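Computation of the quantities below employed the complete heavy-atom set of this structure, encompassing side-chain atoms and omitting hydrogens, waters and symmetry-equivalent molecules. If you're wondering where the values come from, they're calculated on a predicted model, not measured in any experiment.
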Amino acid sequence: MKHLAHILALSLLFTVPGTARAADCYADYKAKQDSPLRLHYGVMQLSGACSKGPAKSELSTRLARNGWTLLNVLSVFGPDGLEERKANAGPYYLRF
């Protein structure tokens, strides 16, 4: 029984930081709308994996719900990169 408790405690140690890392992951991107052509640069918090491939899929889906088409994921970063991107993203800073 003690052995099982140690295994459960260790598994919690490894799963909690992974959840925290996903919550602290962001991507900056470029998107467009057609007719008339509109472009925007934005920053979005990611709920999935913190890498460009999965971010592209997540951003594309979330933007499409609002009538936007993802053009490019520029980078994936942690909370330390938020402040430097805030002014450039303007109204699209953490909007979607």
Side-chain angles (χ1 to χ4, degrees):
M1 186 68 172
K2 266 187 170 179
H3 191 49
L4 180 61
H6 285 141
I7 291 172
L8 288 173
L10 284 174
S11 66
L12 283 174
L13 284 174
F14 290 112
T15 57
V16 171
T19 304
R21 268 185 262 128
D24 290 340
C25 187
Y26 304 86
D28 59 343
Y29 64 90
K30 292 183 181 179
K32 73 169 187 163
Q33 281 184 332
D34 292 320
S35 299
L37 179 63
R38 295 173 53 201
L39 303 170
H40 85 252
Y41 164 80
V43 175
M44 189 182 300
Q45 185 171 14
L46 300 173
S47 60
C50 195
S51 62
K52 267 191 172 183
K56 184 176 180 179
S57 177
E58 182 178 344
L59 268 65
S60 182
T61 300
R62 288 167 62 183
L63 288 167
R65 280 189 237 139
N66 293 283
W68 291 92
T69 301
L70 178 68
L71 295 173
N72 193 16
V73 176
L74 302 172
S75 63
V76 176
F77 56 93
D80 53 323
L82 280 174
E83 198 58 40
E84 67 191 63
R85 292 169 172 88
K86 187 174 186 176
N88 288 337
Y92 299 102
Y93 178 77
L94 304 178
R95 180 175 181 174
F96 300 108

With a cut-off of 3.5 Å and sequence neighbours excluded, list every side-chain donor-acceptor pair involving residues 65-81.
{"unit_1": "Asn66", "atom_1": "ND2", "unit_2": "Arg62", "atom_2": "O", "d": "3.1"}
{"unit_1": "Ser75", "atom_1": "OG", "unit_2": "Asp28", "atom_2": "OD1", "d": "2.5"}
{"unit_1": "Ser75", "atom_1": "OG", "unit_2": "Arg85", "atom_2": "NH2", "d": "3.4"}

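With sequence neighbours excluded, the residues that form a salt bridge (charged side-chain N to carboxylate O under 4.0 Å, His left out) with Asp34 are Lys32.
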I'd like to know whether Val43 forms a side chain to side chain contact (heavy atoms under 4.5 Å, CB included) with Asn88, so could you lay out the CA-CA distance, the side-chain angles of the two residues, the decisive distance to 0.1 Å, and finally the verdict. CA-CA 9 Å; Val43 175; Asn88 288 337; over 6 Å; no
Worksheet entry | Check against side chain to side chain contact (heavy atoms under 4.5 Å, CB included), Tyr29 and His40 | CA-CA 8 Å; Tyr29 64 90; His40 85 252; 3.0 Å; yes
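Closest non-hydrogen pair, Ala89 versus Gly42, comes out as CB-CA, 4.1 Å.
Residue pairs satisfying the ring pair (Phe, Tyr, Trp, His ring centres under 6.0 Å) criterion with at least one member in residues 42-65, sequence neighbours excluded, are absent.
The closest side-chain heavy-atom distance from Tyr93 to Leu82 is below 4.5 Å.
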